[in-house]
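One structure below.
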Amino acid sequence: MFSIHDEEKIISLLEANGHKKFRYVQIENAIYKNLVTNFDMIDTLPQSIRDLLKENCSYNSLSLHSEKTDPEGQTTKFLFTTHDGKMIEAVIMRHLSGRNTLCVSSQAGCPMACTFCATGKLGLIRNLTFAEIIDQIMWAVHHLAKEDKKLRNIVYMGMGEPLLNYGEVSKSIHIACCQKKLDLSNRRITVSTCGIAPRIIDFARDFPQVSLAISLHAPNDEARKKIMPVENTYPIDVLFSAIDEYVEITNKRIFYEYIMINGVTDRLEYAKELGELLKWRLAHVNFIPYNPGEGTDSNGYLPTSKMMIKKFQDTLDRYGIPSTVRHTMGDDIDAACGQLALKEEGKSLATEVGRTLGKTTNKI
Ligand code: SAH
């Protein structure tokens, strides 16, 4: 069985069974434009082709375990089960401006083990396939269509480190942007990385128009090492030489995410160091107040106060660096940044998943 999103395989299947190639165009239209929900609904196809597809392909690689929308209707969190029983999450964010964004997962779990992140506590479960990434998007597209809404932006900021699953993430971006398929604009897709330096350069060459966000979170090696183990492999100077090459290739502004943890990342001298680091670079800083999540509270972390965040921003202003504070969405349904830890109704599913998984790895 292969996925309905696997164009090459579907075309080979059609050809091997003596069908014309144009049949694929009908399939493509039905899935991505008419949003049909099963093979039988593709009424432009003869029954024999529908049967052939049913026998050989899966229409959706994910099944919905549960979904939850916050009381204001801004955020919907989906919890999905893969065919082999792994669980992943995706979150729709409906902005007041009318734009709708989907936060997708690229891995089940995550190997990066950032100290503040709930997903990091799970370890890596496995990489997702491109079809599993696209199917998160398809669920969201269908869900929004019922509300007469459209998906406009995708951020690869759910579970996992997208640049460690580069091949599948790349395929999913191609499908999302393909005019005949989901037809989203390259510029409205953002991939977020904790800083896998060599892949940042590949990404610049392969996707010069897709946006890049770097989870920087600290302005020097010593401070970063305490919260992000990736710093041991790609220290700040290595990361920034990749970033400078990225900007040279793409001429695009990078979004830097900076988590505000009281007494850990929010020292005022760090604001100055951050200013020095970014002042000559094409940058926009996004401050994310720390979201407490499952398993992260044991560190004793607390979010930085609004007043302190303002001071940080003022310092960056003086360096001429634009910044915004990320409006926390979805924290009441455990769907905010760093809270994707397979939790449902306050109950952790991670242990349940862990049991079926055996050991997880924490290697990069
Ligand atoms: N692995 C990718 C994408 C995943 S997370 C990356 O590191 O960029 C998306 C963002 O949420 C990252 O910037 C991440 O550092 C941040 N984040 C993780 N845990 C958080 C928490 N508890 N509070 C606030 N932001 C968090």
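In each ligand, atom 1 is the first atom listed, and ligand 1 is the first ligand listed. Keep in mind that this is a model prediction, so the values were computed, not measured.
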Within the supplied structure, the quantity of interest is the number of heavy atoms (other residues, nucleotides, ligands) at a distance under 6.0 Å from R281 CZ; does it exceed 12?
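Yes, because the 6.0 Å sphere around CZ of R281 holds more than 12 heavy atoms from other groups.
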### Query
Is it true that atom CD of E8 has more than 12 heavy atoms of other residues, nucleotides or ligands lying nearer than 6.0 Å?
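Incorrect, the count does not exceed 12.
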Could you list the atoms of ligand 1 found under 4.0 angstrom from a heavy atom of [X]?
| X | answer |
| --- | --- |
| C117 | 18 (C), 19 (N) |
| G158 | 4 (C) |
| I259 | 20 (C), 21 (C), 23 (N), 24 (C), 25 (N), 26 (C) |
| C194 | 6 (C), 7 (O), 8 (O) |
| T193 | 6 (C), 7 (O), 8 (O) |

Check this for me, if you would: do [X] and [Y] make a salt bridge, where the nitrogen-to-carboxylate-oxygen distance has to be below 4.0 angstrom?
| X | Y | answer |
| --- | --- | --- |
| K311 | D266 | no |
| D40 | K54 | yes |
| D43 | R50 | no |
| K77 | E89 | yes |

N291 versus ligand 1: do any nitrogen or oxygen atoms come within less than 3.5 Å of each other?
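Yes, there is a polar N/O contact under 3.5 Å.
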(Q) For the 3.5 Å polar cut-off, considering only N or O atoms, please tell me whether Y290 and ligand 1 meet it. (A)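 No, no N or O pair falls under 3.5 Å.
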Selected option - heavy-atom contact closest to atom 14 (C) of ligand 1, from M157, H217, E257:
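It is H217 that holds the nearest heavy atom.
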Check: Heavy atoms only: which of G160, S105, A213 is nearest to atom 1 (N) of ligand 1?
Finding: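 Looking at heavy atoms only, the winner is G160.
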Exercise. What do we get for I214 next to ligand 1 when only non-hydrogen atoms under 4.0 Å count, side chain, backbone, both or neither?
Worked result: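 No part of I214 comes within reach of ligand 1.
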| field | Side chains of S105 and Y156, donor plus acceptor under 3.5 Å | value |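 There is no such pair between these side chains.
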Quick one: are E231 and I236 in side-chain contact, heavy atoms under 4.5 Å?
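Yes. Closest side-chain heavy atoms under 4.5 Å.
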Using heavy atoms and a 4.0 Å limit, tell me yes or no: is M112 in contact with ligand 1?
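Flag not set, M112 not near ligand 1.
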Of all the heavy atoms in G120, does at least one lie under 4.0 Å from an atom in ligand 1?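 No; G120 lies far enough from ligand 1 that no heavy-atom distance drops under 4.0 Å.
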